[in-house]
Amino acid sequence: MKLVIAEKNIAAQKIAQLLADGKPKTDKVYNTQVYRFTVQGEDWVSMGLAGHILAPDFPDEVLFDKKQGWYSVTEDGEVLPADVPDGLARPPYDTKRKPFLANGINIKGWKVESLPYLTWAPIIKKPAEKEIIRVLKNLAKKADHVIIATDFDREGELIGSDALNCVREVAPDVPTSRARYSALIKGEVTAAFDNLVSLDQDLADAGESRQYIDLIWGAVLTRYLTLARFGGFGNVRSAGRVQTPTLALVVERERERMAFVPEDYWQIRGVGAAQGKPETAFKMSHATARFTDKAAAETAFSHVDGATTGTITAVSKRSRKQQPPTPFNTTSLQAAAAAEGISPARTMRIAESLYMAGFISYPRVDNTVYPRTLDIAGIVGGLSSNSPALRPVCQKVLAGPMKPTRGKTETTDHPPIHPTGQGDPETLDGGQKKLYMLIARRFLATLMGPATIENTKLSIDVSGEPFTASGDVLVDAGFREAYPYGLKRDEQLPPLAEGDAIDVSDIKLEAKQTEPPARYSQGRLVQEMEKRGLGTKSTRASIIERLYQVRYLKNDPIEPSQLGMAIVDALHEFAPRITTPEMTSELEDDMTHVAAGADTQEHVVEHSRALLAGMLDTLIAHKDDLGEAIADAVTADAKVGTCPKCGKDLVMKTSAKTRGSFIGCMGWPECDVTYPVPSGVKVSPIEGEGAVCPECGAPRIKCQPFRQKAYEVCVNPKCPTNFEPDLVVGECRVCAEAGRHGELVAHKSERSGKRFIRCTNYDECGVSYPLPARGKLEATGEVCEHCGAPVVVVQTARGPWRICVNMDCPGKEKKPARGRGARGAAKGGSAKGGTRKSAAKPGAKKTAAKKTTK
DNA sequence: GCAAGGTC
């Protein structure tokens with residue numbers, strides 16, 4: 001039996017189909033799919049791995065004592081790896097050297113001293129995909145020939161080499177060979193299997209060098225940063241060859257913004273309209289788009305101030321074509337999806353699920369050129385029958401020439417990301433459908449003609465001053481019929497001719513300032529990483545996500561936190577190599593040499609270890625400075641405002657007793673100012689105007705609910721801007737039926753800030769209703785016609801909103817368009833609306849909201 | 001409690 005080992009299941013299946021005499025049979029070994037087939041009567045089996053099946057790691061004996069964590073203490077009080085194997089320590093760090101004594105000292109402060117040992121620690125490969133390895137070994141035992149058919153690239157060679165090492169453990173003598181194909185098509189694959197070669201160990205070693213260097217630098221620097229000032233569990237401060245330069249890009253942009261000196265300029269703008277037709281109003285501006293000289297701007301303005309008429313002096317029309325977009329690869333899909341509000345990491349998760357469900361092609365590709373073998377018409381036909389919304393445009397595409405656009409990158413391993421045309425999009429959830437439609441529409445757009453946009457430019461004379469107005473109209477939609485993403489709205493100008501008089505109004509002189517360079521969006525950052533050679537199509541999204549997770553980055557567009565800036569600054573000073581993309585490009589050079597046999601893995605890795613070791617003395621010497629910088633940055637990130645009592649910083653804190661968070665003063669215990677944290681929202685400080693509440697002097701904060709509009713409130717729940725005196729909204733029905741008198745009163749919890757209505761006889765009737773978190777309440781004195789509960793009015797940003805307070809009311813109307821969380825909350829109350837257990841219980845609301853917002 | 005690279 002011949003065993004074929006592919007990098008992934010789909011490749012194993014495809015290879016089986018392409019090589020088999022007839023149809024391959026799907027079989028299972030343990031729980032993994034394999035494909036059995038015959039080639040010229042001989043039995044073959046193919047299986048897919050799941051990428052790397054082994055992961056590099058330090059051996060357990062140098063992983064440091066498990067109980068002690070990342071360091072351990074010898075009997076002499078010496079802090080060392082739990083057991084230093086022979087030959088582990090290299091100059092200038094040898095085992096005889098005592099880094100320090102821990103007796104009588106707080107050991108925590110000394111942990112980084114063991115890092116030189118880690119720098120020289122040996123690295124082994126540990127099983128990462130145990131199930132796959134089990135299957136691999138099971139099949140290898142029965143095989144008389146093993147063929148490695150992983151992807152034809154450096155990582156593929158390494159994955160194949162790891163697989164061979166597993167095979168060798170159970171079948172040391174089985175002959176092995178390597179099939180190299182660069183596209184999963186008949187010609188390529190059969191040629192590869194007709195011309196088997198042997199595994200390129202140099203290429204695999206090059207890949208393994210990358211693994212080792214990434215692990216050593218990542219582990220040593222991450223532990224260093226984490227331990228320099230230990231911030232408690234869950235506060236890892238990571239560093240790495242790709243993530244740190246990526247973070248540095250964001251920090252650099254932020255620094256440019258901070259160093260930016262805005263320049264003043266002036267604009268004169270107004271509104272024009274065809275005479276007597278105010279409905280044709282259009283914007284116009286002075287022909288000098290930006291006056292840099294204030295006096296000149298004022299002079300020009302003095303001529304036109306209060307003008308009511310103007311004259312068209314020229315009309316010019318020019319049409320331009322917008323070319324259809326190129327096919328999607330991973331980066332361009334991530335960028336386009338990011339513009340639609342889906343982060344690169346989420347895009348990849350959704351794309352993976354669409355791929356697994358058969359809706360789209362393989363999502364990790366660099367290629368932007370459809371292969372000739374792709375059945376484009378078949379896919380369009382499939383889309384047409386499965387997606388009614390796309391049917392008309394599909395029919396148009398089918399009737400056209402269907403000449404696809406081409407991008408710059410052409411590889412043959414996978415086609416660009418495209419819909420398969422199969423599957424009913426109605427079965428997809430919201431995020432999946434949104435991404436699927438983007439991919440499907442993009443695909444159609446690449447088969448269509450350009451869009452034509454007609455630009456009209458009016459030159460206007462107003463009291464001797466030249467003005468212009470410009471309008472863009474899409475006259476021929478072309479590919480835009482399929483792909484409306486990022487399309488500007490038409491700006492239509494009224495039909496006017498030279499010499500026509502127009503009405504003019506609202507001419508204003510506006511003082512403006514030039515803007516600093518924009519922050520990166522997640523889509524832009526992915527593109528920038530690609531440009532600088534940082535990460536791969538498969539890793540960039542997750543690396544950005546990681547930077548958010550360790551709280552180096554925040555918001556979108558991306559801002560670095562104080563912590564992120566402190567990390568970059570510290571590493572830039574003491575380990576600059578890790579902060580720039582050059583480490584990656586030099587690593588690439590090294591790997592090229594190893595792959596070519598001009599250098600060895602041992603030499604390259606050792607050299608890298610030495611570079612890191614050379615930085616450690618300085619890093620360790622500056623541990624306290626760095627720890628302080630990190631601690632200060634973390635405090636600055638936690639700041640939500642300034643204490644009205646003592647002027648120190650108010651920060652987010654966690655109560656040691658209840659583990660709940662609250663806002664407290666850094667001046668504690670001298671100053672006892674605390675505030676509750678509004679629940680269910682992300683809190684951030686307000687800078688500049690509006691930072692301090694004019695009513696009570698407490699800071700105002702910005703609250704960002706999940707997927708809802710952010711709002712600003714005073715942090716003080718007792719502030720008149722938050723506090724509403726208890727409001728009687730009606731009479732309690734339950735009490736009335738029981739012959740008691742109970743009044744329904746609106747309350748606001750001082751602790752959580754939550755609002756609710758409760759009966760004055762709550763202990764007896766248990767009647768309580770949740771209320772919306774915000775908006776001034778008014779009693780109406782009315783009762784609901786459906787359920788008899790009181791009706792109140794809530795003043796919202798969108799105007800007054802009348803509601804029956806009973807969330808379980810049968811006549812419940814849909815709320816005016818607001819966030820989903822609020823709808824979820826309303827639903828949550830409905831479970832047992834108006835009874836003690838549900839409505840009043842804070843947990844109930846939260847769970848329900850979670851369910852619907854997921 | 002570490003990285004980055006595959007893929008699920």
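Chain A is the first sequence line, chain B the second, and so forth, proteins listed ahead of strands; every chain is numbered from 1. Just so you know, these numbers come straight off a predicted model, no measurement behind them.
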So what does [X] touch, heavy atoms closer than 4.0 Å: a base, only the sugar-phosphate, or nothing?
X	value
A:G156	nothing
A:G51	base
A:S538	base
A:N235	nothing
A:A55	nothing
A:T536	sugar-phosphate
A:Y212	nothing
A:E352	sugar-phosphate
A:R546	sugar-phosphate

- Can a donor-acceptor pair under 3.5 Å be found between the side-chain atoms of A:E131 and the base atoms of B:dC8? no
Counting just side-chain N and O atoms, does [X] come under 4.0 Å of either OP1 or OP2 of [N]?
X	N	answer
A:R540	B:dG5	no
A:T150	B:dG6	no
A:Y362	B:dT7	yes
A:T539	B:dA4	no
A:Q243	B:dA4	yes
A:S542	B:dA4	no
A:R210	B:dA4	no

Between [Y] and [X], do the side chains contain a donor N or O and an acceptor N or O under 3.5 Å apart?
X	Y	result
A:Y35	A:Q33	yes
A:Q432	A:S353	yes
A:Q334	A:T347	no
A:T592	A:D589	no

- Apply side chain to side chain donor-acceptor pair (under 3.5 Å) to A:T536 and list each qualifying residue two or more places apart in sequence or on a separate chain.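 Expected list: A:T539.
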Closest approach to the side chain of [X], judged atom by atom: which nucleotide of [options] is it?
X	options	value
A:I159	B:dA3, B:dG6, B:dA4	B:dG6
A:E155	B:dC8, B:dG1, B:dG6	B:dG6
A:A219	B:dT7, B:dG5, B:dC2	B:dC2

- So, the side chain of A:T119 versus the backbone of A:L115: is there a donor-acceptor pair under 3.5 Å, distance only? yes
- Query: Hey, does the side chain of A:R178 reach the backbone of A:T150 with a donor-acceptor pair shorter than 3.5 angstrom?
  - Reply: yes
- Message: Any residue in residues 4-11 of chain A with a heavy atom nearer than 4.0 angstrom to DNA chain B? Just list them by number, or reply none.
- Response: A:E7, A:K8, A:N9
- Message: Both A:G218 and A:Y355 contact DNA chain B. Taking the nearest nucleotide for each, which residue is further toward the 5' end?
- Response: A:G218
- Query: What is the distance, rounded to the nearest whole Å, between atom CD1 of A:I124 and atom P of B:dC2?
  - Reply: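 My rounded result for the distance is 19 Å.
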- Query: Among all residues two or more places apart in sequence or in another chain, which pass the side chain to side chain contact (heavy atoms under 4.5 Å, CB included) test with A:R364?
  - Reply: A:T330, A:M348, A:E352, A:Y362, A:K537, A:S538
